[in-house]
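A note on names: the letters A, B, ... follow the listed sequences, proteins ahead of strands, and every chain is numbered from 1.
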Amino acid sequence: VKDALGSVQSLLVLGGGSEIGLATARALVRGRTRTVILAARRPAELSQAAAALLEAGARSVERVEFHATDLQGHEALVNGIFDRDEDIDVVLVAFGVLGDPDGDWADADAARSLIETNFAGAVSVILPIVARLRRQGHGTLVVLSSVAAERPRRSNFVYGASKAGLDAFAQGLGDALTGTGVDVMVVRPGFVRTKMTAGRTAAPFATTPEAVADAIVDGLRRGAHTVWIPPALRWVMSAVRHLPRPLFRRLDV
Amino acid sequence: LLSGWGRTAPTRATVIALPQARQARAMLDQADGRGIVARGLGRSYGDAAQNSGGVVALTTGMRAVGAFDAETGLVTVEAGISIEELTRLTLPAGWFVPVTAGTRWITVGGAIASDIHGKNHHRDGGFAAHVTSLELETPAGERLTLTPSGSPDAFRATAGGMGLTGIIVEATVQLIRVETGWMRVDTERARDLDELLDRLDREDDDYRYSVAWVDLLAGGARLGRSVIARGDHASLAEMPAGAARLPPGAPGPRLAAPRRVPATLLNRYSVAAFNELWYRRAPRLERGKAQPLESFFYPLDGVRGWNRLYGPGGFVQYQLVVPLGEEELLRRIVARLHEADAPACLAVLKRLGSGRGLLSFPLTGWTLAVDFPARSPDIGRLLDDADELVAEAGGRVYLAKDARLRPELLEAMYPELPRWREVRAGLDPEHRMWSDLARRLGL
């Protein structure tokens with residue numbers, strides 16, 4: 001159960017192989033978190049990460065196979081994870097793909113696949129999770145969005161659209177869950193240096209998985225509903241969002 | 001959403017009113033895996049009377065008075081009656097509750113489940129020490145009459161058991177004789193912690209009630225400066241001629257906290273100013289002042305909803321006890337809390353005697369209670385560090401106030417926990433009693 005100071009005891013990460021997901025797990029285990037469940041596409045590859053978490057103080061680290069695009073399987077998977085003695089205090093939705101940087105945005109297959117993972121897959125797995133969190137009467141759902149959700153860039157607007165959809169869904173969900181004991185926190189990092197973004201030129205205000213993790217821990221402590229990383233992006237993006245279209249088009253983004 | 005008095009970590013439960021003791025049976029039988037816990041007036045600071053996803057049985061409607069013997073001072077009441085209502089009933093007949101908390105808005109059931117202590121703990125022990133018998137509806141299927149000698153195990157597991165052995169539906173309490181509704185109070189200042197501990201140590205046995213308010217924001221040579229208030233019930237002979245035996249009494253709070261308070265109202269500066277004022281306006285030394293019972297015991301009841309003053313983030317009250325002889329440790333903790341970058345409102349320090357229940361908080365030593373806004377950034381680490389020191393010294397923190405203890409420390413702080421678990425398993429074999437506190441700490 002979450003305590004008065006926002007410390008949590010158990011964590012489920014969807015996208016458990018992602019660098020942000022693992023960094024967040026490590027940051028929480030440094031606090032009170034003792035139970036971690038990593039749901040990932042290839043759980044077998046996470047044995048080292050799991051061992052490191054145990055080393056750092058976790059009492060139990062479980063790995064579960066999870067595919068974002070296996071929409072039909074989500075509900076059963078979620079119920080399987082939640083059918084345990086202990087409550088799950090925080091669920092972090094950290095999976096997502098960026099798409100091929102050199103690919104053609106007009107490639108319909110690529111676009112559909114990206115939307116299916118980042119948006120349809122997320123919505124599909126979040127809803128059964130929320131049902132279980134409501135049953136236990138408390139919990140925080142942390143949804144990894146992106147600044148790209150705030151104003152899509154021409155260079156990866158399909159990704160931006162998928163995150164914008166997810167972001168809007170998460171915001172609405174948070175409002176709809178008022179009074180249920182379940183909270184939703186939307187996390188909007190800028191450019192994060194990870195293997196997903198390796199080889200790309202870092203955008204201004206680039207950040208790291210560790211910084212995102214720390215911001216998530218701090219957001220949980222404060223009971224925040226939106227977290228920007230770095231925090232200055234909140235104001236930067238507010239300005240960017242209001243840039244007139246002719247001006248925005250001239251930017252090389 | 002339910003939360004404790006500290007207004008932190010709210011969770012959702014199905015709240016069902018329990019107006020009559022006999023309905024408790026059915027509620028226990030219907031409890032599912034998320035369980036059930038009784039809740040009275042919600043004055044536990046943390047999550048003791050919350051049960052996320054389960055049932056919370058509201059006992060405040062269950063407050064019939066079974067019997068009151070004005071000769072012996074034995075009173076039998078249902079568990080949902082408040083100390084306030086009980087006092088209104090018995091004080092005119094010359095009887096007062098044997099132990100009272102800093103608020104009269106608590107129920108008798110809650111007083112037993114937390115085995116509360118008062119300003120007289122060094123002399124009279126906790127509330128449960130004055131309970132001659134209680135009725136416990138147990139999840140195992142029976143209604144038990146527990147007495148300290150007839151069923152010592154179950155009694156000691158229930159007194160201080162945080163409501164996790166069943167639902168306390170009725171209790172018989174031995175009240176204490178008082179001649180008036182007034183207190184005779186000595187107030188004085190202590191310049192620093194040394195003087196404070198020294199005086200409490202030497203003189204406390206001369207007083208039935210004793211408490212000190214410590215200004216945690218004063219540092220350096222003034223570290224631990226405080227106002228000591230001690231007294232006893234005034235006898236008729238001590239009252240000035242013509243004074244009413246019962247004070248006029250303030251029927252309700254005179255002030256109320258606003259519904260919405262900015263998070264920054266209580267900051268280091270406003271609290272320092274308040275503490276300064278509190279210290280300055282206290283007399284250096286004043287003896288034998290007549291004070292109405294309410295203002296002596298319940299100064300905070302004068303402000304309705306004072307817990308809202310901490311703003312939307314709520315607050316935590318940290319209460320620790322360390323054994324006698326650990327004064328040096330107490331000093332270190334006071335110094336550390338002083339250095340904290342958090343507005344610590346007045347802290348309360350007093351001596352405690354030994355406890356009654358298996359999970360009762362009191363042990364012979366010094367107890368310190370202090371409030372912090374829950375959103376002050378470093379408070380978590382600060383209190384975790386203090387916990388380690390307290391546990392090492394054989395002390396503990398109070399479960400009725402706790403909202404953030406590291407679960408691993410629980411067994412060190414409560415050495416009788418394994419025994420309590422055994423007795424609980426007998427009373428609640430299917431584990432139907434649950435609270436957020438129980439989940440969080442793995443009780």
Side-chain angles (χ1 to χ4, degrees), chain A residues 1-11 27-35 56-60 79 82-90 129-141 174 176-184 214-215 217-225 231, chain B residues 1-15 32-35 45-47 50-56 263 310 312-318 372-384 401-409 431 434-442:
Chain A
V1 188
K2 183 166 148 179
D3 77 9
L5 306 181
S7 292
V8 298
Q9 296 180 307
S10 52
L11 166 73
L28 285 172
V29 165
R30 276 200 296 276
R32 295 261 205 278
T33 305
R34 295 292 169 264
T35 302
R59 247 197 325 263
S60 133
N79 285 331
F82 272 81
D83 283 336
R84 58 179 57 236
D85 284 343
E86 194 187 0
D87 290 1
I88 294 178
D89 301 341
V90 172
I129 286 170
V130 164
R132 293 302 299 249
L133 292 178
R134 290 183 71 163
R135 254 166 71 182
Q136 75 181 19
H138 70 99
T140 306
L141 178 77
L177 288 172
T178 307
T180 61
V182 181
D183 296 314
V184 178
D214 289 345
V217 173
D218 188 61
L220 289 172
R221 184 182 67 74
R222 292 182 291 123
H225 46 79
Chain B
L1 291 184
L2 286 180
S3 65
W5 189 241
R7 304 175 77 225
T8 53
T11 59
R12 187 180 176 92
T14 307
V15 179
D32 65 3
R34 297 300 293 185
Y45 284 73
D47 46 10
Q50 298 167 224
N51 182 22
S52 56
V55 173
V56 169
Y310 282 89
F315 70 106
V316 290
Q317 180 165 100
Y318 185 63
F372 288 106
R375 286 190 186 165
S376 13
D378 295 322
I379 202 68
R381 179 158 320 154
L382 177 81
L383 298 183
D384 282 353
K401 310 247 172 119
D402 180 59
R404 32 75 37 208
L405 177 67
R406 196 157 66 81
E408 286 89 340
L409 284 175
H431 215 321
W434 273 111
S435 65
D436 286 355
L437 176 86
R439 278 192 191 91
R440 179 167 57 82
L441 294 179

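Within the 4.5 angstrom heavy-atom criterion, no atom of B:Ala13 approaches chain A. For chain B, no part of A:Arg134 is nearby; none of its heavy atoms comes within less than 4.5 Å. For B:Asp384, the part lying near chain A is the side chain, with the backbone staying farther off; criterion is any non-hydrogen pair under 4.5 Å. The contact between A:Arg59 and chain B is made entirely by side chain atoms (from C-beta outward), counting heavy-atom distances below 4.5 Å. Contacts of A:Arg222 with chain B are made by backbone atoms alone, with heavy-atom separations under 4.5 Å and no side-chain atom involved.
A heavy-atom distance below 4.5 Å is found between the side chains of B:Pro407 and A:Gln9. B:Arg404 places a side-chain heavy atom less than 4.5 Å from the side chain of A:Arg32.
Closest of all the heavy-atom pairs between A:Thr180 and B:Leu1 is C-CD2, 3.9 Å. Of all the heavy atoms in B:Thr8 and A:Ala4, the pair that sits closest is OG1-CB, 3.2 Å.
Without hydrogens or angle criteria, B:Ser52 side chain to A:Gln136 main chain gives a donor-acceptor distance under 3.5 Å.
Residues A:Asp89 and B:Arg440 are not paired through a salt bridge, judged by the lack of any N-O separation under 4.0 Å between the basic side chain and the carboxylate. Ionic pairing of A:Lys2 and B:Asp436 is not present here: no N-O contact between side-chain nitrogen and carboxylate oxygen is shorter than 4.0 angstrom.
Expressed to the nearest 0.5 Å, how far CZ of B:Arg12 lies from CG of A:Leu133 amounts to 14.0 Å.
For the options A:His138, A:Arg135, A:Arg34, heavy-atom pairs under 4.5 Å to chain B are most numerous at A:His138.
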